[in-house]
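Quick notes on the structure that follows.
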Amino acid sequence: MELLSALQFLKLHEVPEAWVDAVWDLEFTERKALDDTINIELTASEDNAFRNLYQCLLGYAAKQQLSADRDEVSQSVWAILGENGVPVKSLVAVLSFFVLAGKVKAATAQQRVSSLHAASLYLLLLGIPGSIANKVFHEVLFETCSDMTSHCWPQVSGKKRKKDSQKSSQAEGKRSKPQRKDTAEMEVDDAEEEEEEEEVHFSSQDLMNIRDAVALLVQSLLRLLHMFPLKNRPQSTSHLTQIFSKLLYFEPVTGELTFDAARDVTKLRSVPEMAFYGLQLLCSPKHGDQKESLRRIFHQLLYVILMMNKGNRGKPTLLTPSQAILTTRDQAIHFVSHLVDELKELALPFLQILLQHICFQMVEKSEFRSHGAQAVGMLTSKMKTIDYALFIKWLFKFSRHAKMVHRLFSVDVVMILLEQPERKLEECQDPELVLFLPHKFLIQSVLFAQRMDESPTVQGHALACLAQCLELPSLNASRAVHNLFSATGTHTALEGEITEESLSSQQTQKTYHTLPFRTVEISSTDSSGCDAKENLALLLRRVKDSKTNVRKAALQALVGLLKHNVIPMTWENLSTLSERCRDPAVSVKKKALQCVGELLVAKPESSVVQKAWLHGVVPAVVDSESSVQDKALEALDQVLLSQIKPYSASTHVDARQRLTWDLLGLLCHECQNLSRYFNRAFTIWSKQKKFTPMFITNLISHTDADHGAGAWLLLSKVAASSPRLPYDKILDAWDCMVCSKDINVITCCHILCVMGDIAPHLNDDTKKRIIDDLMSWLKTFTLSLEVISAAVETLYQLGCSDDIKQTQAFLNQHCGELVSISEAYLASIILSEKGSQNLNEELMVKHLHTLGVASLHCPAMVGKRTVLLVESVLTTNSDKLGDAACQEELPASLPLSQFRPNSLPTRVRAHGVITLAKLCLQHEELVQKYLPVFARELEVGTELAVRNNVVVIMCDLCVRYTNMVDHYIPNISACLRDNEAIIREQTLIMLTNLLQEEFVKWKGSLFFRFMVVLVDPVPAIASLCEYCLLHRLLKKNPEMFSQHFIECIFHFNSYSQHKSYNKFTQSESEKVRFSLKGAQQREKRFRIYRFLLENFTDAQRFNITNKINQTVLACFADEELPLDADGAEILSETFSILSLKEMKLRAICAPAGVAAGEEPEEENMATMAKAVLQAAQKKVVSQVQKKAFIENTVPLIISLKNLLEQKRSPVLRDLMAYLQVTMQDYRNEVKEFFSGDEQLAAEVEFALKEAEKQRELEEQLDNCSLTGDAKITPAQGSIQDSPVKSRPLLPFIFATPQPQRPNSQPARLSHTDRRGCRSRQEEHVQSKSIALEGTVITKGAVNYRAISTPKGVSLNLTFGEGVSAIFSERGASLVGESSVLHVRSNEQPAPGLRQWNVQSPLRQNRKSKV
C-alpha cells in the first residue's frame, strides 16, 4: 500500500469529477481553477511528496519490467490503482494542474519545481506498460510536459528578447512598410509589458532545485524512450528532437562526452549529455523510420554547428560565439561523427545533406566562416572516398553561386580540405568522380578560379589563401600552385575532362526563410583556360586593383609565390611590391612593408630582393601617415642599425650582418636616389638618441673593411648629430684619400661630408691643412661633378665662423679664386678663334660646374665678363639666328647681340644653362634679362638636355622670383604638349610642385593644359597626371574640377563666341598645340569629361547640371549663341555629356559596396538605421532632382526642340537621345514632365518604347545560340566563371543527391542573356539561360511557372515531401535545364524519359480571359 499512501497528497478523491471532465475537455490547453480549499492543499505539497511518488512508481515499473523479462506474472500499477478506486483520469488531470502552473512567467520557484516533478511523473506513467490501454497518453499534455524545461528554467529578460525579436522581424522584412497596430494588439503588448515588469528573481538555491528537477524530467524522457515506442507519432518525435537540441545549451559540460549505445540514465552527469543520449535513442527503429529520424536530428544539429538560434518561425539568428557555444558545437560535430560511424551507409546521405546546408546557410562573418569550414573538414573526414568526391563536385558548383558569401565560404572550405591527406584515386571506382579527388582540383578549379570573382571580398580572400597553399605540407598542393604559374605556359587542366553533363545539375528555387533539410543542388557553367603568363599578369593587375582588400591579398599571394620560387625573382615582379609601399591606402602600405620584409628574410642573399626592399621601405620614412613612418623606421632600425657590430679582420660576419652591408652598399651605388629619404630617418633617430658612443665605435671599425663605403655612408649621416667622434681615425682616412689616385666617388663624398661636420671641432692648423688640400684638389679639375659639389660645401663649412664678415671674406678668397680660374678657362675657349677646336668637353663641363657652385658662395666675385662668357655657351648652333628674318620673329627682349655662333657640344650647353641659372639666383637683374632667353629656348630649342634643364631652371627660379616668372608660366606649361615624353613628364612634376606650394595659381589655360596630359599618348605620363591631380592638387582645392568643367567644353572645342568662357589669351601655336577639336578627338575629350565627373561630389554634379542649363542650353535657347556648325557641335556635345552615366547622382544609384547582381548581406550593413537613412536620403535627393529637372531643364528642352525643328538641325537627334536616357528613371511620368508640349511627350514615350523593343530584339539576336555537348576540364572551369554572378538560385529542398539526367538530344536551342566580353578579361557578367528540349521561348515566358514531369517518371528518394527540386528563378539555368517543378510519382516505377508536357503560359492566360 506504499503507492496509495504516496498518492494521498494529490487529494484525488476530493477533486470533483466535473472539474476533471472539464480539464480533459479543454485538452490540457489551459489551467482550470479548483476550489480554494483544495487549491491551497495541493499547492502546499512539498518536493519530497513528488519524489516519494516518483520513486514508488519507478520501483513498480522496474518490477513489472523484470517480471515481463522473466515471463513471470506480477501485479501492475494500473491494477493496483483500479482495485483501490484511484481514478487514472483524475490523476492525469491533477498532474496537469501542477504542470500548467509552471508555464506562467510569474511562477514562483516552488511552482516551477512542482511543475517539473509533475511532468516527470506523467512521463513515468506513460512508460509503464498499459498506459495506452488506460488512456494515460494525450499528445498535447505529452508535448507540454516534454517542453517544461524551457518554461520553468529562468530565461533572459523578456524586454531584451522582445527587442531582439522586433529587430529580427525588421531584418526579415526590411523592405516592407511597418504595419499599424490595431487596438487589440496594443492591449496585448501592454499586458506583456506588465508581465515582464513582474519578473521573478531566484536565489542560487532555487536555481539548484529547478536544475535538479529539470535533470529528473530529462531522465524521465529517456526512460520513456526506452519503454514507449513513438513509431506512429512522428509529430511527437519531431518535438522531442527540438527539445533535446535546445537542452544541448542548458549547462556547460566538464570533461569529454562519450556516446555509448546502452547507458544507465542515472549515471549521466549533465543535461546536455542526457540530451545527446536522447537524440541517439530517437534513431532507434522503434521510434519510426531511421532515415526520417536522422534527417530531423541532423537538421536540428545543423543550427548547433552553425552557432545559430532557430526558433519555430522566422530566420535563424546568430549566437555569440562564447566558449560554451563553441564547446557545444564541437560536441555536436563529434555526435554526428559518432552516428555516422554507428549507422554507416544509413547516415552517409544525410551527412552529405548536412554538409551542403552548412555551406549554404553560412553567414559572412569571418569567425563563423572559420568555425563552419572546420566543421566541414571534420565531417568530410568521415566520408567514404566516393561520397567525398560527390561533395567536392557539389562544392565546385557551389563556388560559382550567385551569393557572394557562398563563394567566399567555398574558399574557406577548400583551405580546410587541403590540410587533410589526399584521397587515393584507386578507392573511387567512378572515373568521372576521380577527377575531383586530387588537391590539384581544389586549388586550380575552386580556389584559383575565384581570383576573377566579381566581388572584391572573394577575390582578396582567394588570393590570400593561394599564398597559404604553398605553406601546406602537401607536396601535391605546392605542385598545383607551381603549375598555375609555371614558365612553360601550358594549360593547367587536370588529366581527363569533365563533361558539361557531369557538371550540370538541377536548379533550385530561391527562398528567404529556413531551408527544408534536403539536398542543395547548384548549377555550374562552362569556362575556358588561360596560361601561366596570363595568370601572373592577372595577379600583378590585382596588386593594383581599385579595392583595398584585393590589393592586400594579391600582395600576400605574390610574396608567397616569390618566396617559394614559383615565379621568377625579376625586378618587374619585385618592383610591384615596392610600389605598393606608396599605396594611397594606409593598410596596403603597411601590408606591402610587411611583405617586402618577409621576402627579405626568406631571400637575404638576393640582390634584386635587397633593392626592392630598399625602394619600398626607405621612401616610406617620409610618408604622410605617422604609423607607416614608424613601421618603416622600425624595419630600417632592425635590418641596418642593430646589426652594426665591432669588426676586425678575424671577425666572422654572419648572414644578418652581411645583409646589412649589402644593403648599405646598394645605397651607395645603385640606390643613391634614396639618400634624401634616408636623411630623414637619421634626423628622427638622432632625436631619439640612437647613436651611442658604442655605435660610433663599432661603425668606425668598419671603415677600413671591404664594405667601408657603407660605413662611411652611415658615418656621414650620424656625424652631425654625434657629440664626439674619433677625429684621428677620420683625418687618417682623409689623408689616405687625398694621396690616393684611385678615388671612389661615393665614398669620397661621404668622407667630405664627415669632414665638414667635424670642422667646428678641429683646430686652426688642421683646418688650414685641409683647406689647402681641398683647394689644390679642386684646382686640378680632375674630380667628378659630385665630388666638386661636396668639396665646395666642405670648404664652406671649414670657413664658417661666428663673424659673418669673416666668413664671407674667407669665401670670397677661396671660392673667388675658383671662379677666376674657371672664368679664365672659359675665355680661352670662347674668345679664342681656335678655342673650340681644342675643346676638352669633360674639362669644360667641370669648369662650368665649379663656376656655378662656387659663385653661389661669392656673388660679389662674379663680374659682368663672367656672365657674358657663360651666356656665350648658350648661343645656338643653328645659323638661323644670324638671319635677319629670324631676328624679326624673335622678341625684342632677346639679347641676340651678345651671342655669336659657336659649335659647343650639347652637354656643355646643358651645363652652361644650369651655371647661368645659378648666377641668376644671386642677381635679380640677371633674372629679368635672361628669363626671355630661357622662354625662347623652350620654344625654338632643339636640344633635349638643354630644354629639359631650362624647364627645371625656370620652375626653380619661380620659387625665388615668383612674380617675375609668373608671366612665363604659359611658356613652361606649353611643354606639357612637347614632342619629347621626358620633357612632358618633367614639366608635369615641376608644375605640380609649384601648384602644391602655391607659387603658381590656376590661371589662364593652365588647368586645361593639365587636362590634356590626361590623354597623353604615353600611359605612364597620363597615369602620373591623374595621380597628381587627384592625390596632390584636388585635395588642396576640392572645387577645382567643378569650377573649370563647363569651360572645358568650350576650350577643347576651340569655341570662343561665349561671352564668359575661353577668353584667356593664347598664341595661335598654343591653340593648335592644345586643341582637341574635331570628331577624331572626341574620344579624348570625353575621357577628360568622365575623369572629371567621376571625381565630382553629388552636390557638384547637381550644381553643374543646373549651371549647364543656365550657361549653355539657355544661351542657345535664347539665341545668344548662333546655331552654326561650331555652335551645333557644342550643343551636341553638351547633350552627350548630360547623358553620361557619370553625371547621375550616386545617392540615387545602386550602393557602391554591392556588386551588380550580388545581394547585400545583412552583415554588410552597419545597422538598420543606416539603411533607413540611406533610403530616406535617396528619396529626398530624387525628389529634389526631379523638381529641378521639371523647373529648370524641361522649359529649355521644349524651347530648344522647337528651335532645332525650325532650323532642321541634326542636333535634334542628340536632344532626343538625351531625353531617352534621362527619362528612363521617370518612364511613367513623361506626360507630367512635358505637360507643356504634348507632342514632345508623345515622341519621348514612343522613343522609350522603341528603344526597349530594339534592346530586347538585339539581346535575342545576339544571344540565341546552338550549343552541343562540349566538354571542359576542371581547370578550364576555373578561369572565367568563377566571378560570374552565376546561378542566382538558393536551395528550397534538402534531399539526397539526384542522379545525372541523360542528354536525350545532341543539340538544344537555347535563349540566353550572356555577358559579353568587355575591355578586360576579368569583366564577367551573369550568364542567364532558359532552355527546353526542342522549344524556343521568348524572354520572360517561363517566369513563375511550374511544369509537371511526365507521368511515370520517378526520381530518387524524397522522404515524404514528394518534391525533389524547384526551379523558378528568373533565367539562371544551364543549357539543357528547364525552370520546372519536378514532382515524384510514388505509384509507378521509373520508365524511360518522355517528352515534357509543356503548355505556354500566354496560351493559358488567353484561355482564362475567354
_Tell me whether D803 at atom CG has more than 12 heavy atoms from other residues, nucleotides or ligands lying less than 6.0 Å away._
yes
*Could you state the interatomic distance from NE2 (H847) to CG (L869), rounded to the nearest 0.5 Å?*
13.0 Å
_Can you confirm whether P932 sits close enough to Y968 that some side-chain heavy atom of one is under 4.5 Å from a side-chain heavy atom of the other?_
yes
*Applying side chain to side chain donor-acceptor pair (under 3.5 Å) between K717 and each of T683, D757, N679, report the one that passes.*
N679
_Just so I know, are the side chains of V1015 and F1086 near enough to count as touching, which here means a heavy-atom distance under 4.5 Å?_
no
_Under a 3.5 Å distance rule, please check whether T915 uses its side chain to pair with a backbone N or O of L848 as donor and acceptor._
yes
_Between V862 and Q922, does the side-chain contact (heavy atoms from CB on, under 4.5 Å) criterion hold? Intermediate values first, please._
CA-CA 10 Å; V862 178; Q922 299 291 352; over 6 Å; no
*Shortest non-hydrogen contact from I969 to C958?*
CD1-SG, 4.5 Å
*So, does E1047 use its side chain to make a donor-acceptor pair with the main chain of N1062 at under 3.5 Å?*
yes
*asked:* Go through it in stages, so that I can follow the logic: the residues are L663 and L640, the test is side-chain contact (heavy atoms from CB on, under 4.5 Å), and I'd like the CA-CA distance, side-chain angles, deciding distance and then a yes or no.
replied: CA-CA 8 Å; L663 291 170; L640 296 182; 4.0 Å; yes
*Between R984 (side chain) and R977 (backbone), is there a donor-acceptor pair under 3.5 Å?*
no
*Do Q986 side-chain atoms and C975 backbone N/O form a donor-acceptor pair below 3.5 Å?*
no
_Does either side chain, that of H849 or that of S822, offer a donor lying less than 3.5 Å from an acceptor on the other one?_
no
*Roughly how far, to the nearest 0.5 Å, is CG of D1016 from OG of S1023?*
11.0 Å
*asked:* Closer than 3.5 angstrom, by distance alone: can the side chain of H814 be matched with the main-chain N or O of F810 as a donor-acceptor pair?
replied: yes
*Can E579 and R582 be said to form a salt bridge (charged side-chain N to carboxylate O under 4.0 Å, His left out), step by step?*
CA-CA 6 Å; E579 289 171 4; R582 296 178 291 281; 5.8 Å; no
*M1011 side chain near L1029 side chain, heavy-atom distance below 4.5 Å*: yes
*Would you check if the side chain of H967 reaches a backbone N or O of N963 as a donor-acceptor pair within less than 3.5 Å?*
no
_Just to verify, which of F1008, F1007, W1002 counts as forming a ring pair (Phe, Tyr, Trp, His ring centres under 6.0 Å) with F1064?_
F1008
*Main-chain N/O of Y1055 paired with N1053 side-chain donor or acceptor, under 3.5 Å*: no
*Answer yes or no: are there more than 12 heavy-atom neighbours, outside K1063 itself, under 6.0 Å from its atom NZ?*
yes
*Which heavy-atom pair separates M954 from L938 by the least distance, and what is that distance?*
SD-CD1, 3.6 Å
*asked:* Rounded to the nearest 0.5 Å, what separates atom CD1 in I1137 from atom CD1 in I1046?
replied: 9.5 Å
_Chi angles and distances behind the side-chain contact (heavy atoms from CB on, under 4.5 Å) call for H911, R907_ = CA-CA 6 Å; H911 281 85; R907 182 164 176 250; 4.0 Å; yes
*Compute the centroid of each ring, for F1045 and then for F1096, and state whether the two points are separated by less than 6.0 Å.*
yes
*Between H1058 and Y1061, what is the ring plane arrangement, given parallel below 30°, perpendicular above 60°, and tilted in between?*
tilted
_Donor-acceptor pair, side chain of R580 and main chain of V588, under 3.5 angstrom_ = no
*asked:* Around atom CD of E572, are there more than 12 heavy atoms from other residues, nucleotides or ligands closer than 6.0 Å?
replied: no
*Rounded distance (nearest 0.5 Å) linking atom CG of D583 with atom OG1 of T548*: 7.0 Å
*Indicate whether the side chain of S1042 and that of E1039 have a donor and an acceptor atom separated by less than 3.5 Å.*
yes
_Could you check whether any side-chain heavy atom of H857 comes within less than 4.5 Å of a side-chain heavy atom of V792, counting everything from C-beta outward?_
yes
*So do the side chains of R551 and K544 get within less than 4.5 Å of each other, counting heavy atoms only?*
no
*Would you say the side-chain atoms of Q1100 pair up with the backbone N or O of T1097, donor to acceptor, closer than 3.5 Å?*
yes
*Tell me the salt bridge (charged side-chain N to carboxylate O under 4.0 Å, His left out) pairs involving residues 586-595, sequence neighbours left out?*
K589-D623
_Distance check, rounded to the nearest 0.5 Å: L1140 atom CG versus R1090 atom CZ?_
5.5 Å
*Evaluate whether atom CD1 of I989 has more than 12 neighbouring non-hydrogen atoms of other residues, nucleotides or ligands under 6.0 angstrom away.*
yes
*Using a distance-only test with no angle check, is there a side-chain donor-acceptor pair under 3.5 angstrom linking Q808 and N812?*
yes
_Donor-acceptor pair between S973 and R1009 side chains, under 3.5 angstrom_ = yes
*asked:* side-chain contact (heavy atoms from CB on, under 4.5 Å) for Q928 and M964? Distances and angles first, verdict last.
replied: CA-CA 7 Å; Q928 295 174 345; M964 280 191 282; 3.2 Å; yes
*asked:* Let me confirm one number: the NZ-CG distance from K1036 to L1033, rounded to the nearest 0.5 Å.
replied: 9.5 Å
*asked:* With a 3.5 Å distance limit and no angle check, can you tell me whether R1101 reaches the backbone of L1093 through a side-chain donor-acceptor pair?
replied: yes
_Beyond-backbone contact of E937 with F934, side-chain heavy atoms, under 4.5 angstrom_ = no
*Using the six-membered ring wherever Trp is involved, compare the ring planes of W685 and F682 and label them parallel, tilted or perpendicular (cut-offs 30° and 60°).*
perpendicular
